[in-house]
Structure formats: C-alpha cells, structure tokens
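Notes follow the structure.
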Amino acid sequence: RENTTYGMTALFVDFNIAKRVYFRTGTQVGQWGRCYLWNPTDLINVEKKSFTDKIGPREGTSGVKVHVPFGTALNLYGFACTVKTKGKAENIAGTGKAEFLVGGTEMAFSVWGANAYNTVGAWDFSTRLLTVDIKGEASVSDGSNDDKVGVRDGVLTKYRDDSFTTKACLDLGRAFDALDQTGKIQVNLEGFYNGSGYRKNVFRDRNVYAYDKPITMTVDDEPKTIPGGSKAVYLAGNELYSLNYVSRWYAAAFVTVNDFFTSSMKLTVNVVGNIEQKCCMSSVLLSYETLQGFKASAMVNGYFGEKDTE
C-alpha cells in the first residue's frame with residue numbers, strides 16, 4: 001500500500017501602500033520572539049522551534065501581516081489569522097506589537113487575543129552588555145491557553161488552568177574568536193520558565209483511567225481505538241504533548257563552530273534539560289552546505305535520565 005501526502009509550508013504575497021504600510025498575506029512563518037529555542041511571546045506560528053534539526057522549513061500560519069515602519073525608532077506590527085476553538089470551529093485571532101529603541105536596547109510590547117481564549121500580554125527585549133548579547137521575553141495571561149490532562153471523577157479529561165499564567169525566557173549569547181577567525185564559536189545559554197507546565201511528572205502516573213473520549217492511535221500500521229489507559233497515552237493520543245514544554249523549568253546550551261575544517265562545514269552541539277524531571281537530551285549535528293545550495297548533514301542524538309521522564 002502506497003500513501004502519498006503533500007504539504008505547503010509557505011506561500012504568500014507581499015504588497016504595500018505608498019511604501020508606508022507593508023502587507024504580507026498567505027501562509028507564512030512569522031518572526032515573532034527573540035530567544036533561540038523558547039519564544040513565549042510567539043502566539044502566531046503553529047509550529048514551535050525544534051531543538052533538533054529538521055528537514056525543510058517550519059510550517060507556516062495562514063494570515064495577514066501588517067508592518068508600519070517609522071524609521072529605526074518605532075515599528076508597528078499586526079497579524080490576523082484563524083485559530084480553532086477547543087478543536088471545533090475556527091475564530092479570528094489578532095495580535096499587535098509596538099517595537100522601539102531605548103538607548104541601545106530594542107524592546108517591544110504586544111498583545112494577542114481570540115474568542116474563547118485568554119488575552120495574552122507580552123514584552124521582549126534585546127541588548128548587549130560588554131561582549132554578551134542578552135535577549136529576553138515574557139508573556140502573561142489571566143488563565144492558560146494550553147490544554148492539560150486532568151482527572152475528574154476518575155476519568156481523564158482535558159482542561160485549561162484558570163490561574164494567572166506567566167512564561168519567560170532569557171538567552172545569553174557570546175561569540176568567541178579562535179584560530180585567527182573572528183566569531184568562529186558561538187555559545188548561547190538559555191533558561192525557560194513555563195507557567196502552564198505540570199508540577200508533577202505525569203509520565204510516572206501508572207494508574208489506569210477511563211478516557212472522556214476514546215482515542216485512536218496507529219499500532220503496527222493499523223488504527224486502534226483505546227477507551228482508557230495511562231496519562232502518557234492520553235497525552236499522545238490527544239496531541240497534548242509538546243517537547244520541552246511539559247514541565248515548568250528548562251535550561252539549554254547551544255554551541256556552534258563555524259568553518260569546521262572547511263568554510264562549508266559547521267558543527268553544532270546542543271543540550272536541553274528538563275530541570276524538574278532531571279533528564280536531558282543532546283544533539284550533535286555536522287552540516288555541509290556549498291554556495292551552490294547543496295546541503296548534507298549527519299546528526300546524533302542522546303537521551304539521558306531515568307525511566308518515565310520526558
């Protein structure tokens with residue numbers, strides 16, 4: 001049996017009004033958020049940044065972006081798209097952002113809202129202290145917009161936390177000279193607080209529950225209906241699991257060596273850790289790219305931690 005699938009990650013049209021107001025309409029990946037891996041201010045893109053290298057670009061979001069520049073002092077952005085409301089009907093979501101300079105620091109305030117979702121306010125900044133680049137971003141909302149798994153009368157169901165929710169990320173980056181080459185090694189250290197993450201390790205709950213709705217999963221290339229089981233299976237079956245967004249506290253390090261042996265080769269060594277579950281993942285990537293566009297890469301991933309951790 002042969003199955004062929006097709007997908008489109010980006011297709012958009014750019015136009016402007018008197019070169020003062022710029023529009024982009026179509027499927028696009030928005031440049032929203034400043035940090036390396038985690039972007040709590042990015043409420044636009046449907047696909048989060050991946051810790052490991054992936055084939056092809058990120059999946060874009062269908063919508064309309066507006067940009068009104070006022071030189072380098074102030075830039076106004078707006079974006080409108082559709083979002084699903086509890087997996088059913090689609091509603092219009094909108095966000096606006098004001099980006100400006102304060103001395104040598106670039107910062108922005110933004111707000112996002114949609115029907116049946118909690119309004120989110122956000123702030124991000126980028127500056128430099130001596131030789132260290134500092135980037136940060138944070139978002140706040142009066143209740144979470146992330147679905148979680150909970151137990152109600154012995155049955156697993158989805159819910160959203162209605163308490164005040166904060167997410168924040170801080171990134172420190174510095175380039176190092178080596179072998180008579182400026183900026184040959186780039187190092188980034190990043191920490192993330194996920195206010196909507198689980199306080200306990202849901203993967204270690206071995207109890208068997210009934211599910212509010214049976215889930216369908218593929219087992220041995222065949223669909224299988226599962227009426228109950230563990231929290232981990234419920235998470236996977238309802239697409240509630242997102243890598244590096246399960247717990248509350250995370251940390252990561254990213255090291256890139258440019259011109260590794262040749263000018264066309266690059267070595268990347270990354271590590272990300274779930275602090276609360278005391279587990280981590282490492283990735284070593286060797287990539288090769290020519291000026292003509294030929295690309296080749298090899299990657300090795302490692303996973304460290306106890307059983308039933310992320």
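Everything numeric in this text was worked out from a predicted model, so none of it was measured.
Counting only N and O atoms by type, the side chains of Asn188 and Gln186 include a donor and acceptor under 3.5 Å apart.
Annotation for Ile44: hydrophobic cluster partners, listed by chain and number, are Trp32, Tyr77, Phe79 (ILVMFWY side-chain heavy atoms under 4.5 Å, direct or chained).
For Lys135, the NZ atom sits in a loose shell: 12 or fewer heavy atoms of surrounding residues, nucleotides or ligands are nearer than 6.0 Å. Around atom CD of Glu289, more than 12 heavy atoms belonging to other residues, nucleotides or ligands sit under 6.0 Å away. Surrounding CZ of Phe261 are at most 12 heavy atoms belonging to other residues, nucleotides or ligands under 6.0 Å away. For NZ of Lys49, the number of neighbouring non-hydrogen atoms (other residues, nucleotides, ligands) closer than 6.0 Å is greater than 12.
With sequence neighbours left out, Val233 forms a side chain to side chain contact (heavy atoms under 4.5 Å, CB included) with Tyr211, Ile215, Met217, Ile226, Ser230.
Contact annotation: the side chain of Phe164 approaches that of Val140 to within less than 4.5 Å [non-hydrogen atoms, C-beta and beyond].
Below 30°, between 30° and 60°, or above 60°: for Phe192 and Tyr245 the angle between ring planes is above 60°, a perpendicular geometry.
Comment: Lys278 does not engage Glu306 in a salt bridge, judged by the lack of any side-chain N to carboxylate O separation of less than 4.0 angstrom. Using a 4.0 Å cut-off between charged side-chain N and carboxylate O, Asp133 and Arg174 make no salt bridge.
In terms of hydrophobic clustering, with Ile, Leu, Val, Met, Phe, Trp and Tyr side chains grouped at heavy-atom distances under 4.5 Å, Val271 and Phe254 are assigned to different clusters. Placement of Val208 and Val202 in two distinct hydrophobic clusters is found when ILVMFWY residues are connected by side-chain heavy-atom separations under 4.5 Å, directly or transitively.
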